[in-house]
Trainee: 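The structure's right below; bear with me while I get my questions together.
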Amino acid sequence: MPEPQLSRGTLAHIPASVKTPSDAPRPEETGVVHLGLGAFHRAHQAMVFDQLLREGDTRWGVHGVGMTQAGLVNKLRAQEGLYAVRIAGASGVEWQVPGALWQTSVATTERVQVVNAMAAPSTRWITLTVTEKGYTPALAQLLIDGLRARHAAGHAGLTIASCDNLQGNGHKLQALIHATATTQDAALMQWTDAHCAFPCSMVDRIVPAATPEVLSAAKDALGVHDECALSTETFWEWVIEDKFVDPADGALLAKCGVRVTPDVHSYEEAKLRMLNGSHSAMALMGAITGRAHIADCIAEPHIQAFVHRLMSREVAPHLSRADWADYRDALIRRFGNPYLKHSVHQIAMDSSQKIPQRWPPSILGQMAKGQSYEHHALAAALFLRYTLAVDEQGKAYALNDPQAESLMAIGASQRSQASACIQALLARQDLWGAELPSRADWHARVAEWHQHILQHGVDAAVKTLLQNTP
Ligand code: CS2
């Protein structure tokens, strides 16, 4: 007989130690439309909404929208939106099945359903995790269509919360919607500005793409098959600007552990530059040296020292988050979590879209103070080396990046024409912003580390940096 699969009907098979939605009220309508249904949302915001549901507030059922791929949506449908999350760290391992996801759609093939969900009277929020490269006119058009239908139906405005790793994400999203709207949408835009809220928000939880190991551990823990299981850490943080259509939502979220504040900025900048900035540097190191996971990288004393110093010396001086040292130390522990098989190639994916938020602000900050930016210069050199698409053992890997073609064209001749390649890479304002491309001192430092990496390898370069700047 085939093993039973996770669904509402098989919740009773699951051991009592696993928290499931069997005692929680089941959502009956959409409260939240989430765009960008992937691993992250399911192990982060959806778990906050699950908690609100458990407390008896039935307004938080999530209509999860996959932007292009039907694969996950189909699997989730087969499981009635249920999936297990393994929450693992130094304090132990726990499993939970959140129950907030009650409907799913795919934006490319089920657009009408998505627009209708945004226009539904029960919908109060839209949340987004569409990744850095997802902020396109096509995304804005989808939102505009949803808002138009909603406005026409005479329903209340929405709280629209971008939860992507972009500084000022709420402002960026609102600006994108305005930039995409046509003159015919003028009245709609007025209504949107007056009746919708675009809070900025910082979200943090490491949620790697699931691996076969997680699916098989889920089977052992649940006693039923779960094709959509995820693994995450105990840590999570959601800091959101106190700007909601329904002001009472702030207190509700705060009760679940969300930090609701007028100032998200200091949390955003610390997270993007410390966590994500270190992640990108380690991911490139791992890809080039052939270390598969972030935990493998941080286990190396020289890489750990590099990351610690990158954060302490080059990032922290420009942060307004006062508790940055605790945040840094916690990050180093989080990176080492052995349960998180966080693939370096997953993080290196879309580097062209990620680096601009993660590195240049710290480099410019150091320059303004006349201080060293060697760690970031080495990181930039890693990025150029990474475009060779082959690791130090000679094993080829794919560059998964919307700019892959142009980056590989820039980097292809770096062994014979290093300085032209450095010039071409560092000239790109889409990566480095307006100011860095013209800084000769920056070019020189990146060029030196690049030579070192090509001649002696990444590990030797990192060790040299540590020795040269004790
Ligand atoms: C990572 C993030 O893939 C990446 O670029 O840096 O997904 C990171 O794991 C999350 O932002 C953690 O909150």
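For ligands, and for the atoms within them, numbers begin at 1 and follow the listed sequence. Note: hydrogens, waters and symmetry copies are ignored here, and every other heavy atom, side chains too, is used. Keep in mind that this is a model prediction, so the values were computed, not measured.
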Trainee: Using the six-membered ring of Trp60, assess whether NZ or CZ of Arg54 lies under 6.0 Å from its centre and within 45 degrees of the ring axis.
Mentor: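 That pair does not qualify as a cation-pi contact.
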Trainee: If I compare all heavy atoms of Gln366 with all of Ser372, which pair ends up nearest, and what's the gap?
Mentor: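 Gln366 and Ser372 have their closest heavy atoms at NE2-O, 2.7 Å.
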Trainee: So what's ligand 1 close to, N/O to N/O, under 3.5 Å?
Mentor:
residue  : atom   : partner : partner atom : Å
ligand 1 : 3 (O)  : Lys354  : NZ           : 3.3
ligand 1 : 5 (O)  : Lys354  : NZ           : 2.9
ligand 1 : 5 (O)  : Arg358  : NH1          : 3.1
ligand 1 : 5 (O)  : Arg358  : NH2          : 2.9
ligand 1 : 6 (O)  : Asn276  : ND2          : 3.0
ligand 1 : 6 (O)  : His279  : ND1          : 2.8
ligand 1 : 6 (O)  : Arg358  : NH1          : 3.3
ligand 1 : 11 (O) : Asn165  : ND2          : 3.1
ligand 1 : 11 (O) : Lys271  : NZ           : 2.6
ligand 1 : 11 (O) : Asn276  : ND2          : 3.0
ligand 1 : 13 (O) : Asp204  : OD1          : 2.8
ligand 1 : 13 (O) : Arg205  : N            : 3.0
ligand 1 : 13 (O) : Arg205  : O            : 3.3
ligand 1 : 13 (O) : Lys271  : NZ           : 3.2

Trainee: If we ignore hydrogens and angles and just use 3.5 Å, is the side chain of Arg259 paired with the main-chain N or O of Ile240 as donor and acceptor?
Mentor: no
Trainee: Taking only residues two or more places apart in sequence or in another chain, which ones pass ring pair (Phe, Tyr, Trp, His ring centres under 6.0 Å) with Trp102?
Mentor: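 For Trp102 there are no ring pair (Phe, Tyr, Trp, His ring centres under 6.0 Å) partners, ignoring immediate neighbours.
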Trainee: Let me have the donor-acceptor pairs involving side chains of residues 282-289, under 3.5 Å, with sequence neighbours excluded, atom names and distances please.
Mentor:
residue : atom : partner : partner atom : Å
Thr289  : OG1  : Met285  : O            : 2.8
Thr289  : OG1  : Arg291  : NH1          : 3.1

Trainee: Can you list the residues that meet the ring pair (Phe, Tyr, Trp, His ring centres under 6.0 Å) rule with Phe40, with sequence neighbours excluded?
Mentor: His44
